[in-house]
Peer 1: 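A single structure is presented below for examination.
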2 protein chains.
Amino acid sequence: MDQPSLKAVLGQAQAFFSSKGLRFTKQREAVTTLIFRTQEHFRPEELCERLRKSDSSASRATIYRTILHLVESGMLREISLGGGERLYDPNFLKSPHHNHLVCVDCRKIVEFEDPNLDIMQNCITRRMGFSPTEKALRIEGRCDMLRLLGTCKNFNAAGKKGQRDKASKG
Amino acid sequence: MDQPSLKAVLGQAQAFFSSKGLRFTKQREAVTTLIFRTQEHFRPEELCERLRKSDSSASRATIYRTILHLVESGMLREISLGGGERLYDPNFLKSPHHNHLVCVDCRKIVEFEDPNLDIMQNCITRRMGFSPTEKALRIEGRCDMLRLLGTCKNFNAAGKKGQRDKASKG
DNA sequence: GGCAAAATGATATTGCGTCTCAATCTCGCG
DNA sequence: CGCGAGATTGAGACGCAATATCATTTTGCC
Ligand SMILES: [Mn+2]
Ligand SMILES: [Mn+2]
Ligand SMILES: [Zn+2]
Ligand SMILES: [Zn+2]
């Protein structure tokens, strides 16, 4: 279920570009590949850096432009996990309605879907006179370290769980 | 239910500041007053401008610092309504669990609470091994223009509903 | 008044995203 | 093949929000 088809994804991207009279250049392919190969949430600047380190290459401008195109195609979505930072999420392709759970201790991110939740959200929305087009639920919390021993990075750092904050990568 | 007590709010702020060994200066009071008098979502820069126009005054630095303090006090919350822009929300004081409905046509924002939704979110969160600390649900959609005639700004602009986008204030 | 801590505000700096524009690429056509 | 229109790229300039710095001012207290 991880990479069901990078090839298919590239095909879909190519189809979108050509449907718009745009070309699927090697730069755009490189960006698209990088995004959908690891399937992780990312910041644009971080993507630039990753691409710079790889063998392929594209300028910052091209990377930003490609991201916009992919968003327009529906293959990529902008999300927010707090802190005002702009993130992009390539996982709506395989999980079109997923939400996010973020551990405030170890910054672990868990994606989940729940049809019943969706139904309830839709009901409420309509009751208030709206037709929903997009929903984004983000839940912050603490992952249960004892039960999930080993998956919470902060638990591994034993005992001292006070120095995380936004040092999620420092 | 609108301004149940600006005075009480200022008292609460003052209490927080002094509990931290900080002073409730006239600048901080001016910022706090401005935030909680209109009770609207705001961007920091916009708050700066509003304060500049008023009779009171505070530097940008002080405004940003005061915002941080108020967030730490729990009286103010950072939210995201999409587009990656940082917004602050003073309304969690009177409605501690509210969510946001945003009309993609007219940018109207509606706040709502729903205890059942909260319960369901909590259940799901715990089922996944998390203890929830904060939840943020944002729903984008279209407000029903026919039914809500007069409240959807875009409907008033009769017929031509293509030129909004991010011109929510142009 | 005089001191130390806290607070302020002008300014510099950073980070991120957008814009501009000249150079390059691609494709179809004669 | 050689050309030209339109698309694409990339370097750099730019704009804006937010943060950091630091000298000056204010405050509470003795
Ligand atoms: Mn995701
Ligand atoms: Mn709100
Ligand atoms: Zn954790
Ligand atoms: Zn509307």
Side-chain angles (χ1 to χ4, degrees), chain A residues 13-14 16-32 34-35 41-52 54 56-73 76 78-88 165-170, chain B residues 13-14 16-32 34-35 41-52 54 56-73 76 78-88 165-170:
Chain A
Q14 180 156 36
F16 170 77
F17 279 103
S18 77
S19 82
K20 290 281 180 176
L22 305 172
R23 300 170 193 145
F24 196 53
T25 62
K26 66 179 192 304
Q27 287 94 338
R28 285 172 178 165
E29 180 174 340
V31 174
T32 307
L34 191 55
I35 289 175
H41 306 139
F42 64 89
R43 293 193 306 273
E45 293 296 322
E46 164 197 341
L47 191 69
C48 292
E49 197 175 353
R50 271 201 278 151
L51 194 64
R52 227 175 296 126
S54 79
S56 9
S57 136
S59 70
R60 233 163 55 93
T62 296
I63 294 174
Y64 273 93
R65 283 186 289 234
T66 303
I67 287 176
L68 286 189
H69 283 131
L70 290 174
V71 167
E72 195 194 338
S73 81
L76 193 61
E78 187 182 320
I79 65 170
S80 165
L81 296 184
E85 71 179 353
R86 202 178 299 199
L87 283 187
Y88 289 92
D165 280 347
K166 56 184 53 178
S168 63
K169 53 179 343 192
Chain B
Q14 179 155 36
F16 170 77
F17 278 104
S18 77
S19 82
K20 289 281 179 175
L22 305 173
R23 299 167 195 150
F24 197 53
T25 62
K26 66 179 191 305
Q27 287 93 336
R28 285 171 178 168
E29 180 173 342
V31 174
T32 306
L34 191 55
I35 289 176
H41 306 140
F42 64 90
R43 293 192 306 273
E45 292 296 319
E46 165 196 341
L47 191 70
C48 293
E49 196 174 354
R50 271 200 279 151
L51 194 64
R52 227 175 297 126
S54 79
S56 10
S57 139
S59 71
R60 241 163 50 92
T62 296
I63 293 174
Y64 273 94
R65 284 186 289 236
T66 303
I67 287 176
L68 286 189
H69 284 130
L70 291 174
V71 167
E72 196 194 338
S73 82
L76 192 61
E78 188 183 318
I79 65 171
S80 165
L81 295 185
E85 70 178 355
R86 202 178 300 200
L87 283 186
Y88 289 92
D165 280 346
K166 56 184 52 179
S168 63
K169 52 182 343 194

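Every chain is numbered from 1 and lettered A, B, ... according to where its sequence line falls, protein lines coming before strand lines.
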Peer 1: Search all heavy atoms of A:E45 against all heavy atoms of A:Y64 and return the closest pair with its distance.
Peer 2: OE2-OH, 2.5 Å
Peer 1: Atom CG of B:L68 to atom C1' of D:dA20: distance rounded to whole Å?
Peer 2: 13 Å
Peer 1: Figure out the OH/P separation between A:Y64 and D:dA11, and round it to whole Å.
Peer 2: 16 Å
Peer 1: Can you list, by residue number, the residues of residues 19-28 of chain A that have a non-hydrogen atom closer than 4.0 angstrom to DNA chain D?
Peer 2: A:L22, A:R23, A:T25, A:Q27, A:R28
Peer 1: Where is the tightest heavy-atom contact between B:L70 and B:A13, given as atom of each residue plus distance?
Peer 2: CD2-CB, 4.4 Å
Peer 1: Just how far, in rounded Å, is P of D:dA17 from CD1 of B:I67?
Peer 2: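 To the nearest whole Å, that distance equals 13 Å.
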Peer 1: When you match A:T66 and B:E45 each to their closest nucleotide on DNA chain D, which lands nearer the 5' end?
Peer 2: A:T66
Peer 1: With sugar-phosphate meaning primed atoms plus P, OP1 and OP2, does A:R60 contact a base, only sugar-phosphate, or nothing at under 4.0 Å between heavy atoms?
Peer 2: base
Peer 1: Figure out the CD/C1' separation between B:E29 and D:dT26, and round it to whole Å.
Peer 2: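 To the nearest whole Å, that distance equals 16 Å.
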Peer 1: Does A:L87 form a side chain to side chain contact (heavy atoms under 4.5 Å, CB included) with A:E78? I'd like the steps, not just the answer.
Peer 2: CA-CA 6 Å; A:L87 283 187; A:E78 187 182 320; over 6 Å; no
Peer 1: Looking only at heavy atoms, which two atoms of A:R28 and A:L22 are closest? And how far apart?
Peer 2: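 That closest heavy-atom pairing would be NH1-CB, 4.0 Å.
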Peer 1: Among D:dT19, C:dG17, C:dG9, find the nucleotide with the atom closest to the side chain of B:T62.
Peer 2: C:dG9
Peer 1: Give the minimum heavy-atom separation between A:Q27 and A:T62, together with the two atoms involved.
Peer 2: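 Answer, listing the atom of A:Q27 first, then A:T62: CB-CG2, 4.0 Å.
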Peer 1: Does a nitrogen or oxygen in the side chain of B:R86 sit under 4.0 Å from OP1 or OP2 of D:dT19?
Peer 2: yes
Peer 1: At under 4.0 Å, does any side-chain N or O of B:S59 touch on OP1 or OP2 of C:dA10?
Peer 2: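 B:S59 to C:dA10 OP1/OP2: no side-chain N or O under 4.0 Å.
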Peer 1: Specify the separation, in whole Å, of atom CD of B:E78 and atom P of D:dT19.
Peer 2: 9 Å
Peer 1: Starting at CD of A:E85 and ending at C1' of D:dA18, how long is that distance when rounded to a whole Å?
Peer 2: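 Whole-Å distance recorded here is 14 Å.
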Peer 1: Please give, in whole Å, the distance from C:dG15 C1' to A:E46 CD?
Peer 2: 14 Å
Peer 1: Among B:I67, B:L47, B:I35, which residue satisfies the side-chain contact (heavy atoms from CB on, under 4.5 Å) criterion with B:Y88?
Peer 2: B:I67
Peer 1: Quick one: A:R65 CZ to D:dA7 C1', roughly how many Å, whole number?
Peer 2: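 Rounded to the whole Å, the gap is 11 Å.
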Peer 1: If the plane angle is over 60° it's perpendicular, under 30° parallel, otherwise tilted; pick one for B:F17 and B:H69.
Peer 2: perpendicular
